[in-house]
Number of protein chains: 2
Amino acid sequence: MSSPSTRTAILDAAERLFGDIGYAATSMRQLTSRAKVNLAAVNYHFGSKAALAKAVLARAIAPINEERLRRLDALPVRADVRSIVRAFVEPPLRGVDPEGNCSAERVCRVFGRISVEQPPFLETFLRQQFREVGGRFEAALAAALPRLSATTIWWRLHFLVGAMAHTLRNGRTLAALTDGRCDPSDIDALLEHVVSFAVGGFAAQAPLPARTRRSAAPRRGVARSKEIPA
Amino acid sequence: MSSPSTRTAILDAAERLFGDIGYAATSMRQLTSRAKVNLAAVNYHFGSKAALAKAVLARAIAPINEERLRRLDALPVRADVRSIVRAFVEPPLRGVDPEGNCSAERVCRVFGRISVEQPPFLETFLRQQFREVGGRFEAALAAALPRLSATTIWWRLHFLVGAMAHTLRNGRTLAALTDGRCDPSDIDALLEHVVSFAVGGFAAQAPLPARTRRSAAPRRGVARSKEIPA
DNA sequence: CCCCGGTTCGAACGCCCGTTTGAATCGCCC
DNA sequence: GGGCGATTCAAACGGGCGTTCGAACCGGGG
């Protein structure tokens, strides 16, 4: 463990490549040649490609979630929704970056990519990474939005994560569709837009609790709903 | 072209597998054995794996976008935001399904997956698939929300797509985090939640136009959180 | 009947994959 | 200086990849 340079070179290259082209599409030869290390180094230091992916994600996500909680703790007990949302989205978008080592964009892309590919080995890993953070933010938002149920808040937190991740992954498409007028590489603009959208979304009235819904669509084709008896 | 059975068997299997485990992670041998066709059939009918992916996406997306436009056209000229949002999200979530051939969940998953992996050959393809639909909905929303700029509406449309896609891909994580209280396989519930969230998001005040933003903050160390004016 | 375009099939092709191996090399404490 | 763990390295391993090829099969018109 004495020489961190190889390890971190591998982690850096993996973060980049996994973020750019995905986990399955990245080969160890690409990865090691970009990191300028020997092909066998990955298996020596991490054991396998899958374990490397976990290490990449852990390195990317852990400090973000810590910073989120730190900012949440710094808020007054009855903080407003905007502050809570900002505590949630600003760390991943701006990067945590104690010493400039991680570009926020890369970090977030790699998370978006790998979490989306969902190699089976990651499922439980990702859940435990987000359980605590999710719970804390759900509680804070519930305090700020007493009219919303816990499940509604969870839904909306999930939507917020999706909005962020989608934009970080597919920002180029947005830029192209708008002829560059929306520039997702402008993190400040992205941040302000996502915050305002999310604040509005959280403030919205909750949907009716599933019974008296309109549209009474005759076919609910998929939907094997366990449906809490509201 | 006389026998569509092989072609559609391949498309069905590909839709399923690309949606479940991703494009890069799906091998032609898996795919053809699940479709119960010969290995060479894919290259005979589609030319390559990449071309197959395009065909899968086209088959999945085109009818959804057509239905979106149909519903949008059916709205009154000055429709409210909720109706417009519903016209946008209901086709992909419920499925178009003229004759029951496509499960909405599968269709959407495959889109979420492949669009996220973004094999390079898809970039322009996806853009052209969404340019018209995006423009039409942007215009309709702009009419309903005269205080918002076009770019803000594009941002928010993008966020909405992300929220939908993320939930369809990573729904299991949400279910696990909430011990099943949020059930993303309940399409009705998902639909109502995403609509209410998006309506709130669109109704939100637009962010300040970038100039008077705070953000000049020299230190982004820990926790200086309530500096948002207002 | 046979021929023929369209389709299916098994069998390869060449390549690259993730991983392993065993020797070479390094850094350090005795 | 010699010994020794930790690390790096080149070279393979077996296997799976996407794709190609040529022969077999099919059904309908000459």
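Just so it is clear: chains get the letters A, B, ... in the order the sequence lines come, proteins before strands, and each one is counted from 1.
In this structure, the OH atom of B:Tyr23 is 14 Å from the P atom of D:dC17, given to the nearest Å. Here C:dG18 presents its P atom at 4 Å from NZ of A:Lys49, a figure rounded to the nearest Å. In this structure, A:Ile10 atom CD1 and D:dT7 atom P are separated by 12 Å, rounded to whole Å. Look at CG on A:Asn43: it is 11 Å from P on C:dT21, rounded to the nearest Å. Atom CD1 of B:Ile21 and atom P of D:dG16 are 15 Å apart (whole Å). To the nearest angstrom, P of D:dT19 lies 10 Å from CG of B:Leu39. Distance A:Tyr44 OH to C:dT25 P: 17 Å, rounded to the nearest Å.
A salt bridge does not link B:Arg156 with B:Glu138: none of the charged nitrogens is closer than 4.0 Å to a carboxylate oxygen. Using a cut-off of 4.0 Å between Lys/Arg side-chain N and Asp/Glu carboxylate O, B:Arg136 and B:Glu132 are scored as not salt-bridged.
Cation-pi geometry between A:Lys54 and A:Phe46 is not satisfied (NZ or CZ under 6.0 Å from the ring centre, within 45° of the ring normal).
Relative ring orientation between B:His193 and A:Trp155 is described as parallel, the plane-to-plane angle staying below 30° on a 0-90° scale split at 30° and 60°.
Going from atom CG of A:Leu168 over to atom CG of A:Leu190 covers 6.0 Å, rounded to the nearest 0.5 Å.
For A:Arg16, there are no side chain to side chain donor-acceptor pair (under 3.5 Å) partners, not counting sequence neighbours.
No contact: A:Ala41 has no heavy atom under 4.0 Å from any strand.
In terms of phosphate contacts, A:His45 brings no side-chain nitrogen or oxygen within less than 4.0 Å of OP1 or OP2 of D:dA6. The side chain of B:Thr6 contributes an N or O atom lying less than 4.0 Å from OP1 or OP2 of C:dT8.
Of the residues in residues 27-36 of chain A, A:Ser27, A:Met28, A:Arg29 come within less than 4.0 Å of DNA chain C through at least one heavy atom, sorted by number.
In the set C:dG10, D:dA6, C:dT20, the nucleotide with an atom closest to the side chain of B:Asn38 is C:dG10. Candidate nucleotides D:dT19, C:dG6, D:dC9 were compared by shortest atom distance to the side chain of A:Ala40, and D:dC9 ranks first.
Within 6.0 Å of atom CD in B:Gln30, more than 12 heavy atoms from other residues, nucleotides or ligands are found, so the atom counts as buried in its surroundings.
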